[in-house]
Student: 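Sharing a structure with you now.
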Amino acid sequence: MLRIHFTPDDLARTTVAATPDPLWEVLFSSFRLRAADRAPGLAAWAQHVRADNARAARLGRGVRLLSAVAPRGPYIPDFLTPPEGRDGLDAGLDAIMSTPRERLRREVSRLAEHVQVPDWVRPLAEGDVGFLRRLTTELRAYHDSAIEPYQETILRAVDTDRARRLPGAAERDVEAIFRSLGSGVRWRNPLLEVDYRVDKDLFLNGRGLRIVPSFFSRGTADSLADTSLAPVLIFSIDRLGQSTELAAVGGHRSLAALMGATRADVLCAIGDGVSTTELAHRLLISLASASRHTAVLRDAGLIATHRDGAAVVHTLTPLGAAFLDHHHLP
């Protein structure tokens with residue numbers, strides 16, 4: 001069990017991320033590719049990413065590397081999931097490249113206490129720049145093949161889960177947020193108890209807690225092994241969200257591949273005219289997500305936007321209608 005100890009300052013500084021962390025998602029998705037315990041949508045995703053031989057080869061290199069440096073429990077080196085990942089994949093990979101040699105040596109040595117570390121990984125413990133460059137290159141290639149093509153659908157599932165399960169996030173109702181994280185998380189003020197693979201205590205000491213959703217995590221919460229690092233708790237979106245079909249199908253495939261699944265859904269849902277609120281309701285996405293996608297479509301000349309009283313209404317432009325007609329979609 002993980003016991004997270006809060007002070008009043010920690011409660012005030014606790015935040016919920018709006019999107020998954022790309023490097024945690026790389027880690028978790030690699031577990032899903034190596035395991036048979038997949039939700040239906042993830043099984044289709046695994047089959048889809050392996051269907052292309054070139055993509056499968058890129059994935060294979062990344063999975064082999066991750067299976068050596070990040071085996072499934074009980075310990076995973078923390079340098080693979082730096083806090084800079086919250087600012088995007090590039091920032092996270094730069095942070096990995098900048099990991100101090102002493103930290104690499106310490107974390108690889110700790111890994112070796114739990115599993116047999118292959119000889120070819122040993123240069124990592126010495127901070128070998130060539131190995132770190134290879135590692136970040138493979139992590140980027142893995143992300144580009146296994147996650148990026150499905151990013152819009154992943155974000156849509158996370159948006160839906162956040163709107164349904166985390167209404168307290170907008171009002172900063174921290175206790176409501178804790179209650180929404182599932183049966184494996186129990187709030188007993190000032191202690192948050194989390195079902196966890198090892199038994200330990202995390203004293204926040206005024207640092208607050210960053211709570212991050214994950215599409216590819218499976219049920220249990222995760223955190224960093226080193227409690228001196230910036231505190232983070234990764235939670236899985238619910239099974240309904242994880243059943244989202246990641247592989248594009250039917251006539252929607254080419255359009256989704258071109259602009260992303262959610263943005264394609266937004267364009268198709270606009271029809272003869274729809275407000276931002278109704279669009280979010282139809283597609284089960286947040287208002288912020290609906291506004292973001294309509295702004296991109298408007299800048300591309302595919303939709304027009306006007307006010308109708310208090311509502312903001314979107315309609316297809318002739319170019320947008322022709323675009324959908326070209327893809328044989330209503």
Side-chain angles (χ1 to χ4, degrees), residues 15-20 41 86 88 147-173 176-177 179-180 211-215 235 237-330:
T15 60
V16 181
T19 59
R86 65 175 173 260
I147 296 176
E148 182 59 33
Y150 313 96
Q151 190 77 297
E152 291 292 344
T153 306
I154 290 169
L155 292 178
R156 174 181 170 184
V158 171
D159 277 347
T160 301
D161 184 71
R162 182 184 176 91
R164 189 177 68 83
R165 282 209 300 165
L166 297 173
E171 292 79 21
R172 295 192 53 78
D173 185 343
I177 292 170
R179 290 193 298 269
S180 74
I211 302 173
V212 182
S214 171
F215 185 90
F235 75 95
I237 66 172
D238 69 9
R239 296 298 177 86
L240 177 63
Q242 282 188 332
S243 67
T244 299
E245 184 64 67
L246 286 185
V249 296
H252 203 229
R253 181 190 301 269
S254 59
L255 186 58
L258 175 65
M259 60 172 44
T262 302
R263 196 161 294 152
D265 287 345
V266 168
L267 185 61
C268 292
I270 285 175
D272 294 329
V274 65
S275 70
T276 306
T277 301
E278 177 59 23
L279 192 61
H281 178 72
R282 287 184 188 179
L283 298 180
L284 297 177
I285 59 177
S286 67
L287 279 171
S289 180
S291 296
R292 183 170 68 246
H293 291 302
T294 53
V296 173
L297 293 171
R298 183 169 57 252
D299 289 344
L302 299 176
I303 68 171
T305 300
H306 67 277
R307 283 201 168 272
D308 184 1
V312 175
V313 177
H314 311 283
T315 56
L316 292 174
T317 63
L319 177 62
F323 190 71
L324 288 180
D325 183 62
H326 174 75
H327 288 275
H328 309 292
L329 291 165

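The model shown is predicted, which means the values in this text are computed figures rather than measured ones.
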Student: How long is the span from the CZ atom in Arg156 to the CZ atom in Phe215, to the nearest 0.5 Å?
Tutor: 11.0 Å

Student: Do Val296 and Val266 have side chains that get closer than 4.5 Å, going by heavy atoms?
Tutor: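 No, side chains not in contact.
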
Student: To the nearest 0.5 Å, what is the distance between CG (Asp265) and CZ (Arg263)?
Tutor: 11.5 Å

Student: For Thr276, what residues pass the side chain to side chain donor-acceptor pair (under 3.5 Å) criterion, not counting sequence neighbours?
Tutor: His314

Student: Is Val274 close to Val313 at the side-chain level, that is, under 4.5 Å between some pair of heavy atoms?
Tutor: no

Student: Please identify each residue that fulfils salt bridge (Lys or Arg N to Asp or Glu O under 4.0 Å) with Glu278, with sequence neighbours left out.
Tutor: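 With sequence neighbours excluded, Glu278 shows a salt bridge (Lys or Arg N to Asp or Glu O under 4.0 Å) to Arg282, given in chain and number order.
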
Student: Do you know the tightest heavy-atom contact between Ala300 and Leu319?
Tutor: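 Of all heavy-atom pairs spanning Ala300 and Leu319, the closest is O-CD2, 4.0 Å.
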
Student: What's the shortest heavy-atom distance between Ile285 and Asp159, and which atoms?
Tutor: CA-CB, 4.4 Å

Student: Taking all non-hydrogen atoms of both residues, which atom of Pro20 and which atom of Leu155 are closest, and how far apart?
Tutor: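 Result for this residue pair: CD-CD2, 3.9 Å.
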
Student: Where do Thr19 and Val158 land on the side chain to side chain contact (heavy atoms under 4.5 Å, CB included) test, with the steps shown first?
Tutor: CA-CA 7 Å; Thr19 59; Val158 171; 5.8 Å; no

Student: Any non-hydrogen side-chain atom of Ser286 less than 4.5 Å from a side-chain atom of Thr160?
Tutor: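 The answer is no; the side chains never approach within 4.5 Å.
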
Student: Just to verify, what does Ile211 make a side chain to side chain contact (heavy atoms under 4.5 Å, CB included) with, not counting sequence neighbours?
Tutor: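 If we apply the side chain to side chain contact (heavy atoms under 4.5 Å, CB included) test to Ile211, skipping adjacent residues, the hits are Thr14, Val16, Ile177, Phe178, Leu181, Leu209, Phe235.
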
Student: Using 0.5 Å steps for rounding, measure from the CG atom of Leu297 to the CG atom of Leu267.
Tutor: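 With rounding to 0.5 Å, CG (Leu297) is 5.5 Å from CG (Leu267).
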
Student: Looking only at non-hydrogen atoms, find the nearest pair between Gly273 and Thr315 and report the distance.
Tutor: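 Heavy atoms only, the tightest pair is CA-CG2, 3.7 Å.
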
Student: Can you list everything that forms a side chain to side chain donor-acceptor pair (under 3.5 Å) with Arg298? Sequence neighbours excluded, please.
Tutor: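 Side chain to side chain donor-acceptor pair (under 3.5 Å) list for Arg298, sorted by chain: Thr305.
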
Student: Does Thr294 reach the main-chain N or O of Ala290 with its side chain, forming a donor-acceptor pair under 3.5 Å?
Tutor: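 Answer holds: yes.
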
Student: Quick check: does any side chain N or O of Thr317 sit under 3.5 Å from a backbone N or O of Leu302, one acting as donor and the other as acceptor?
Tutor: yes

